Asker: 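Next up is a structure, given as structure tokens.
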There are 2 protein chains.
Amino acid sequence: MARKAGSHAEITGPAIREAALKLFARSGYAAVSMREIAAEVGVQAGALYLYTPDKQTLLFELMRGHLEDLLAAWADIPEAGAPADRLEAFVRFHLGYHLNRPDAVFLAYMELRNLTPENFAVIEGLRRRYEAELEQILIAGHEDGSFRMPDARVTAMAMIAMLAGVHVWYRPDGRLTPDRIERIYVRLARRMVKA
Amino acid sequence: MARKAGSHAEITGPAIREAALKLFARSGYAAVSMREIAAEVGVQAGALYLYTPDKQTLLFELMRGHLEDLLAAWADIPEAGAPADRLEAFVRFHLGYHLNRPDAVFLAYMELRNLTPENFAVIEGLRRRYEAELEQILIAGHEDGSFRMPDARVTAMAMIAMLAGVHVWYRPDGRLTPDRIERIYVRLARRMVKA
DNA sequence: CTGATATCTGAACGCACGTTCATATTAAAG
DNA sequence: CTTTAATATGAACGTGCGTTCAGATATCAG
């Protein structure tokens, strides 16, 4: 864990983000000290400030990076297909992406309160953009008659919450494989819109 | 807000819990100091220790009280009826109870990490008991053939997450009344089990 | 009014925090 | 080998934390 001074500057930055992500996810932003993060990286606390202006920015960049990666990854998936197919693609994408990044998901959903108001506004905007993607699919299905649902906005929020809830109980070594879980949630999502 | 010393002991305890609940829900357990709680009550920090042994116990009692009240309130509702009716009753109960206690719900779902391991075990046990109530309804419906679903356990978790997610966007002065929200979620829940 | 008891204050405790900075060490270039 | 710039140390800073407690104040029974 200990490293020699002056070396490996090109990997210290990412190592700090990785350590902070792991510790923030495990214990919460407020409960993790800069000294703990530094110890995880194998460095003294002062050295962290070569790579980040302060602790708040560290949290913010972690969350922003996660959400921007998420949006970019979703943007890479072709939009073609009927609403029912796009809904299935969204559910599979969301679960596949999130099951592989439990720490980042935890952070993005649990640490919003610890952002400064300006940073919160940025993160909240990114989150809304992602939720709007699902809402658009539901609206498209409603408009072409392939979906029937009580309220597109509420149904979208209910579906997002249902999907996000997976991270509460999912364990890589648990009873169900990711693919099996994806199939179950695709069925549940389809039923919610009667597709 | 300031109160005379020596008076009103019989209301100070509840007032402290109320203040702590409000502040913990707003800013998070770690971000709220005992001095802030005391100021909200109109008292000096030292006086809090007449009513609670420490800050951790304050959080724990808040969460335990909420979950025990929740379980007691659900136990008061008659068990009679077909699984589909019991499912509707559960959804309506859950939303009705939670929409009126946004702070307690927030606490119970967000502050688990700030409990000591022993306290966490107690709270987690209560939470599982509540979730098991829904799971039992789903299993009963599966056994009598009135529900069809991919996996009772996963469906129960998905449904709980969907219901719990309401607190993220619900506002008392928003577009939808509690009754309208309840009806929407009853429909969504029914669809998830094809009832 | 007199004590006894419950309640609260306000100062203090030791500690851990985020952050800074003078100094030391290292790597890389000439 | 020498110089320079990048990188890291480790001590120190001011602050605010949870908690304690001696002393002040209020209530109330007799």
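Within every chain, numbering begins at 1; the chains are lettered A, B, ... in the order of the sequence lines, protein sequences first and strands thereafter. Treat the numbers as computed from the prediction; the structure is a model and nothing was measured. These numbers come from the heavy atoms of this one structure, side chains and all, not from hydrogens, waters or symmetry mates.
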Asker: From CG of B:D54 over to C1' of D:dC17, roughly how many Å is that when rounded to an integer?
Answerer: 14 Å

Asker: 5'-most contact on DNA chain C: A:A31 or B:L48, nearest heavy atom basis?
Answerer: B:L48

Asker: Where the side chain of A:Y51 is concerned, which of D:dA8, D:dT19, C:dT19 is the nearest nucleotide?
Answerer: D:dA8

Asker: Is B:R35 side chain donor-acceptor paired with the D:dG16 base, going by distance under 3.5 Å alone?
Answerer: no

Asker: Taking CG from B:L50 and P from D:dA26, how many angstroms apart are they, rounded to a whole number?
Answerer: 16 Å

Asker: Counting side-chain heavy atoms from C-beta on, which of C:dT19, C:dC17, C:dT9 comes nearest to B:Q44?
Answerer: C:dT9

Asker: How far apart are the C-alpha atoms of B:L70 and B:H98, what are their side-chain angles, what is the distance that settles it, and do they pass the side-chain contact (heavy atoms from CB on, under 4.5 Å) test?
Answerer: CA-CA 9 Å; B:L70 177 71; B:H98 285 57; 3.5 Å; yes

Asker: Select from B:A47 and B:K55 the residue whose nearest nucleotide in DNA chain D is closer to the 5' end of that strand.
Answerer: B:K55

Asker: Does the side chain of B:V91 reach to within under 4.5 Å of the side chain of B:E182, using non-hydrogen atoms?
Answerer: no

Asker: Report the nucleotide, chosen from C:dC8, D:dT19, C:dG18, that has the shortest atom-to-atom distance to any side-chain atom of A:Y49.
Answerer: C:dG18

Asker: Reckon B:T12 has a side-chain N or O less than 4.0 Å from the OP1 or OP2 of C:dA6?
Answerer: no

Asker: Over how many whole Å does the gap from A:L23 atom CG to C:dC17 atom P extend?
Answerer: 12 Å

Asker: In whole angstroms, how far is the P atom of D:dG14 from the CE atom of A:M34?
Answerer: 20 Å

Asker: Please figure out whether A:Y29 or B:G46 has its closest DNA chain C nucleotide nearer the 5' end.
Answerer: B:G46

Asker: Got B:P102 and B:H167 here, is their nearest side-chain heavy-atom distance under 4.5 Å?
Answerer: no

Asker: Is it true that B:E88 and B:R92 have a side-chain N and a carboxylate O under 4.0 angstrom from each other?
Answerer: yes

Asker: Return no unless some side-chain N or O of B:S33 is found under 4.0 Å from OP1 or OP2 of D:dG16.
Answerer: no

